[in-house]
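Heavy-atom basis, side chains included; hydrogens, waters and symmetry copies ignored. Below, chains carry the letters A, B, ... as their sequence lines are ordered, and counting in each starts from 1.
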Protein chains: 2
Amino acid sequence: MAQVCKNYGQRVQLSLFECRVTLAQLEDLEAKLLKIMDLEKDSLRIYVLYGGREKSLRAHGKDRYTDFDEPLIL
Amino acid sequence: MAQVCKNYGQRVQLSLFECRVTLAQLEDLEAKLLKIMDLEKDSLRIYVLYGGREKSLRAHGKDRYTDFDEPLIL
């Protein structure tokens with residue numbers, strides 16, 4: 001499941017991905033995940049952040065997220 | 001950190017809790033977590049679900065959540 005999620009967003013914790021997607025991309029991602037997951041064993045929770053990430057998220061401590069909208073300093 | 005979160009909501013995955021709280025309770029929870037976490041090692045991400053859980057969440061597969069607003073059948 002992680003491999004599929006990586007194509008749509010960034011891993012921010014072990015089993016947590018943040019994906020900036022359109023509704024169509026979300027439906028596509030959800031369909032792909034449902035095809036490969038084991039409904040008896042796996043647990044998938046998709047939270048749609050109405051109002052966007054900036055408004056919803058409060059992040060503290062170690063942060064793996066890279067904001068590609070900001071200038072990247074290498 | 002898990003012990004603190006358990007007082008405010010339910011664990012739905014290994015490192016994921018869902019908490020139905022007021023804004024004041026959220027500030028309280030966040031302050032408690034910040035007091036005990038190691039900012040260098042730990043990662044805390046709080047997502048405020050504007051519009052509520054029912055609108056935001058798409059859950060599939062194994063689901064540990066118990067809806068205490070619904071009748072409990074034991």
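Proximity to chain B (any heavy atom under 4.5 Å) is restricted, for Leu49(A), to the side chain, taken from C-beta onward. Heavy atoms closer than 4.5 Å to chain B are found in the side chain of Leu34(A), but not in its backbone.
Counting only heavy atoms from C-beta outward, the side chains of Gln13(B) and Leu16(A) never approach each other to under 4.5 Å.
Separating the CZ atom in Arg58(A) from the OH atom in Tyr47(B) is a distance of 13.5 Å, to the nearest 0.5 Å.
Under a hydrophobic clustering in which Ile, Leu, Val, Met, Phe, Trp and Tyr are joined whenever their side-chain heavy atoms come within less than 4.5 Å, directly or via other members, Val12(A) and Val21(A) fall into different clusters. There is no path of hydrophobic side-chain contacts, each under 4.5 Å, that joins Leu14(B) to Leu33(A). Neither Ile36(A) nor Phe17(A) shares a network with the other; the hydrophobic side chains, linked directly or stepwise wherever heavy atoms of I, L, V, M, F, W or Y lie under 4.5 Å apart, form separate groups for each. Leu26(B) and Leu57(B) fall into different hydrophobic clusters, where Ile, Leu, Val, Met, Phe, Trp and Tyr are joined by side-chain heavy atoms under 4.5 Å apart, directly or via other members.
Residues of residues 37-46 of chain B lying under 4.5 angstrom from chain A, judged on non-hydrogen atoms, are Met37(B), Leu39(B), Glu40(B), Lys41(B), Asp42(B), Ser43(B), Leu44(B), Arg45(B), Ile46(B) by number.
In terms of modelled atom types and a separation under 3.5 Å, the side chain of Ser56(B) and the main chain of Val48(A) share a donor-acceptor contact.
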